[in-house]
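Throughout, a chain's letter reflects where its sequence line sits, starting with A, and its residues are numbered from 1.
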Amino acid sequence: AQKVTQAQTEISVVEKEDVTLDCVYETRDTTYYLFWYKQPPSGELVFLIRRNSFDEQNEISGRYSWNFQKSTSSFNFTITASQVVDSAVYFCALSGMDGAGNNRKLIWGLGTSLAVNP
Amino acid sequence: NAGVTQTPKFRVLKTGQSMTLLCAQDMNHEYMYWYRQDPGMGLRLIHYSVGEGTTAKGEVPDGYNVSRLKKQNFLLGLESAAPSQTSVYFCASSLGHETYNEQFFGPGTRLTVL
């Protein structure tokens with residue numbers, strides 16, 4: 001069965017600190033996709049990144065970076081020099097394709113609430 | 001583009017009342033979804049649609065009905081509201097299947113059932 005675990009329920013940091021949000025997944029599919037979404041206090045979820053199982057390159061976008069490691073089934077998200085505007089709930093999600101090529105539904109983690117304090 | 005919009009933003013119902021939540025998207029997306037978000041439960045899929053005129057059940061469909069008569073609209077109905085349906089409801093859309101397509105979310109509807 002597919003599963004996404006975000007073990008950190010809440011994280012609190014002081015502005016300018018680096019912070020890493022963990023995402024561990026379980027799947028037997030060889031083709032799968034991992035996502036990160038951000039939900040700021042305003043409530044609307046915003047897509048951040050998508051990774052497929054065949055692309056293990058790490059991704060950097062400004063202060064955001066993602067470390068995809070198939071060996072440990074993890075897709076961790078790091079914010080460098082955090083800012084108050086980074087305060088949000090961050091969700092990791094997993095989907096995939098079974099052996100017959102059928103698309104699976106998206107499985108969501110429970111989210112990590114990040115508070116960046118001035 | 002407005003993206004995904006939801007109506008209303010807030011609503012309070014009494015047990016047994018009915019209501020319809022409206023979701024509209026202007027991105028010509030084929031797929032649309034209704035989720036509910038509850039504390040400690042994350043996002044749970046209620047119903048979804050893979051195109052105009054189609055609907056399918058998600059993870060928690062009981063007590064809800066949906067319709068997709070037009071490609072740009074996806075309606076979520078509560079026929080007889082119950083306190084357990086107090087939640088924040090999100091609509092989303094995607095160009096293609098959620099397996100590999102990002103979803104675009106609406107601002108949410110906060111529903112309280114007394």
(request) Under 4.5 Å heavy-atom distance to chain B, tell me which part of A/Y32 shows up: side chain, backbone, both or neither. (result)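 For A/Y32, there is no contact with chain B at all, as no heavy atom is under 4.5 Å.
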(request) Against chain B, label A/R50 side chain, backbone, both or neither, depending on which of its atoms sit under 4.5 Å from a heavy atom there. (result)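 Looking at A/R50, just its side chain touches chain B.
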(request) For chain B, find which of A/G111, A/G109, A/G43 contributes the most heavy-atom pairs closer than 4.5 angstrom. (result)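 The answer is A/G43.
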(request) Check whether more than 12 heavy atoms from other residues, nucleotides or ligands sit under 6.0 Å from atom NZ of A/K3, and answer yes or no. (result)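 Counting other residues, nucleotides and ligands, NZ of A/K3 stays at 12 neighbours or fewer.
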(request) For B/E79, look at atom CD and say whether over 12 heavy atoms of other residues, nucleotides or ligands are found less than 6.0 Å away. (result)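 Not buried by this count: 12 neighbours or fewer within 6.0 Å.
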Under a 4.5 Å side-chain heavy-atom rule over Ile, Leu, Val, Met, Phe, Trp and Tyr, are [X] and [Y] clustered together?
{"X": "A/F35", "Y": "B/M32", "answer": "no"}
{"X": "A/L94", "Y": "A/L48", "answer": "yes"}
{"X": "B/L76", "Y": "B/Y33", "answer": "no"}

Contacts under 3.5 angstrom, residues 103-114 of chain B side chains, donor-acceptor by atom type, not counting sequence neighbours:
from, atom 1, to, atom 2, distance (Å)
B/Q103, OE1, B/Y35, OH, 3.0
B/Q103, NE2, B/Y35, OH, 3.2
B/T109, OG1, B/Q6, NE2, 3.4
B/T109, OG1, B/P8, O, 2.5

(request) Find the distance between CG (B/N101) and CG (A/L106) and round it off to the nearest 0.5 Å. (result)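 If we round to the nearest 0.5 Å, B/N101:CG and A/L106:CG are 11.0 Å apart.
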(message) Rounded to the nearest 0.5 Å, what separates atom CD in B/Q37 from atom CD in A/Q39?
(response)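 Here the rounded value is 4.0 Å.
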(request) Can you tell which part of B/Y100 gets under 4.5 Å to a heavy atom of chain A, answering side chain, backbone, both or neither? (result)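 Interface part for B/Y100: both.
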(request) Mind listing the closest non-hydrogen atom pair of A/K105 and B/L45 along with its distance? (result)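 That closest heavy-atom pairing would be CE-CD2, 3.4 Å.
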(message) Does any part of the side chain of B/L43, heavy atoms only, come nearer than 4.5 Å to the side chain of A/L45, both counted from C-beta?
(response)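 When only atoms from C-beta onward are counted, B/L43 and A/L45 do touch, with a gap below 4.5 Å.
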